[in-house]
Amino acid sequence: MTPFRRKVLPALIVFVLLLIVGGVLLSRKGAAPAAAPLTAEEAEALAIPALSPRLVSLSPAITEILCMLGLGDHLVGRTEACDFPAAVTNAPVVLDASGALSFERLAATLPDRVLLPEALAGTPLREELAKRRINHIGVRLDSLNDIYQSIFDLAVLFDVEDNAAAWLSGMEKLSADLRGQCAAEITRAGGVSPSFLIVLGRLPATDGKPARLIVAGRRCFQQGILEALGARNVMEEDAPYVEISMVRAAQLAPAVIVEIAPRASTGEEQLQLLLDWAAVPDCPAVATENIRILSEPFALRPGPRLDRLFLLFARCISDWASSGTPAAATPAASEEAAPAVP
């Protein structure tokens with residue numbers, strides 16, 4: 001083989017392979033329904049060379065983490081729910097509100113990395129990404145420590161350690177300051193830690209049955225915030241979330257209820273949630289009006305806006321201490337102990 005062919009032939013093979021892989025990615029259909037084709041504006045935007053690496057985020061929390069790390073300009077694809085900071089909405093949507101991932105749009109972004117929650121491991125989505133040989137990374141976001149570690153790991157991977165160090169240092173200081181403040185409030189209230197029930201959502205009533213609550217268990221990031229502030233979670237199940245009735249929630253006797261309800265955007269909708277809690281007046285949090293309704297989605301996102309959730313939980317502890325009511329009594333042992341709910 002001549003020297004010329006030794007130099008040109010490998011490059012030609014690589015070029016052909018790239019064309020084949022690109023064609024496969026664009027021609028094969030994904031397991032999920034395809035989203036709408038790229039608009040002319042999106043196609044034009046994708047034609048402009050972007051900074052390397054080119055990143056696609058399949059989680060609003062991951063999108064916020066990337067932007068905090070200074071990688072927002074590298075985002076070339078997102079979910080429809082990725083809306084913060086506002087600049088990310090300029091990136092094309094590859095995953096729509098129904099959960100349908102368009103592999104056509106994803107391939108068109110020419111991603112170097114697709115980032116998605118590690119909780120999706122073993123799901124058809126992860127399997128399809130692997131089958132299509134799309135380079136992807138699972139990001140652990142379950143616990144508070146998982147979030148801190150994942151932010152550090154991503155910073156190392158993308159060589160932005162200084163940005164991560166600054167944020168982590170700020171969170172450490174905030175956590176320490178609030179922990180001291182909450183300790184003083186707890187002492188003022190008699191030295192017993194307040195108990196929280198954190199409601200992450202509601203399942204609608206069906207077939208005459210009342211609505212069910214989705215509440216935070218021990219393996220959620222909100223649990224880590226409560227522990228850092230000296231409070232406790234009344235839900236002791238070792239799970240990210242648990243489904244219970246409102247009657248069972250009252251039996252757990254939380255001193256504070258925080259209900260995260262992004263869809264309750266109006267005062268009327270939030271008032272209705274409070275009225276629903278009025279049906280269990282014996283619950284300590286209801287009796288002392290220590291109920292907080294959060295309508296902003298940041299409280300469900302394990303990302304850089306954790307500081308706001310720290311501050312909010314600390315405020316709840318302060319309000320509870322000011323109410324002059326001691327922490328709730330020991331709750332009932334299990335769901336089975338609760339009376340039947342029609």
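- Around CD of Glu289, the count of heavy atoms belonging to other residues, nucleotides or ligands within 6.0 Å does not exceed 12.
- Here the shortest heavy-atom pairing between Val256 and Trp320 reads CG2-CB, 3.9 Å.
- For the pair Leu69/Phe158, no side-chain contact is recorded, criterion being any heavy-atom separation below 4.5 Å from C-beta on.
- Salt bridge annotation for Glu269-Arg263: absent, with no cationic side-chain nitrogen under 4.0 angstrom from a carboxylate oxygen.
- In summary, the side chains of Asp177 and Gln181 do not present any donor paired with an acceptor at a separation below 3.5 Å, with no hydrogens or angles considered.
- Comment: Arg308 engages Glu296 in a salt bridge, judged by a side-chain N to carboxylate O separation of less than 4.0 angstrom.
- Under the ring pair (Phe, Tyr, Trp, His ring centres under 6.0 Å) criterion, Phe221 pairs with no residue at all, not counting sequence neighbours.
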Could you pull out every donor-acceptor pair under 3.5 Å between side chains of residues 78-89 and any protein atom, sequence neighbours left out?
| residue | atom | partner | partner atom | Å |
| --- | --- | --- | --- | --- |
| Arg78 | NE | Val88 | O | 3.1 |
| Arg78 | NE | Ala91 | O | 2.8 |
| Arg78 | NH1 | Cys82 | O | 2.9 |
| Arg78 | NH2 | Thr89 | O | 3.2 |
| Thr79 | OG1 | Ala81 | N | 3.2 |
| Thr79 | OG1 | Cys82 | N | 3.2 |
| Glu80 | OE1 | Ala97 | N | 2.9 |
| Asp83 | OD1 | Arg301 | NH1 | 3.0 |
| Asp83 | OD1 | Arg301 | NH2 | 3.2 |
| Thr89 | OG1 | Ala86 | O | 2.7 |

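- Under the side-chain hydrogen bond (donor to acceptor under 3.5 Å, both in side chains) criterion, Trp167 pairs with no residue at all, not counting sequence neighbours.
- Side chain of Ser295 to main chain of Ser265: no donor-acceptor pair is present (N/O by atom type, distance under 3.5 Å, no hydrogens or angles).
- At a cut-off of 3.5 Å, with distance as the only test, a side-chain donor of Asp153 or Gln149 sits close to an acceptor on the other residue.
- One distance of note links CD1 of Ile291 with CG of Asp319; it measures 12.5 Å at 0.5 Å rounding.
- A salt bridge links Asp142 and Arg140; the closest N-O separation between the charged side-chain nitrogens and carboxylate oxygens is under 4.0 Å.
- One finds a salt bridge joining Arg132 and Glu128 here, because a Lys/Arg side-chain nitrogen approaches an Asp/Glu carboxylate oxygen to under 4.0 Å.
- Minimum interatomic distance between Leu213 and Ala249 (heavy atoms only, all atoms of both residues): CD1-CB, 3.8 Å.
- Side-chain polar atoms of Ser98 and Asp96 form a donor-acceptor pair below 3.5 angstrom.
- The closest side-chain heavy-atom distance from Val76 to Leu55 is not below 4.5 Å.
- Residues Gly138 and Glu118 approach most closely at CA-OE1, 3.2 Å, considering heavy atoms.
- The heavy-atom pair separating Tyr148 from Met171 by the smallest distance is OH-CE, 3.8 Å.
- Remark: Arg315 CZ is loosely packed, at most 12 non-hydrogen atoms of other residues, nucleotides or ligands lying under 6.0 Å away.
- Ile225 has its side chain within reach of Leu306: a pair of non-hydrogen atoms, C-beta onward, lies under 4.5 Å apart.
- With hydrophobic clusters built from ILVMFWY side chains whose heavy atoms lie under 4.5 angstrom apart, Leu271 does not share a cluster with Met246.
- Considering all non-hydrogen atoms of both residues, Asn290 and Ala255 come closest at CB-O, 3.4 Å.
- Ala278 and Val286 get closest at one heavy-atom pair: CA-CG1, 4.3 Å.
- Heavy atoms of other residues, nucleotides or ligands lying less than 6.0 angstrom from CZ of Phe152 number 12 at most.
- Side-chain polar atoms of Glu227 and Gln223 form a donor-acceptor pair below 3.5 angstrom.
- With respect to Arg202 and Glu259, a salt bridge is recorded, a charged nitrogen being found less than 4.0 Å from a carboxylate O.
- No more than 12 heavy atoms of other residues, nucleotides or ligands lie within 6.0 Å of OH in Tyr241, so this atom counts as exposed by the packing criterion.
- Looking only at distances, no side-chain donor or acceptor of Glu64 sits under 3.5 Å from a matching main-chain atom of Ser59.
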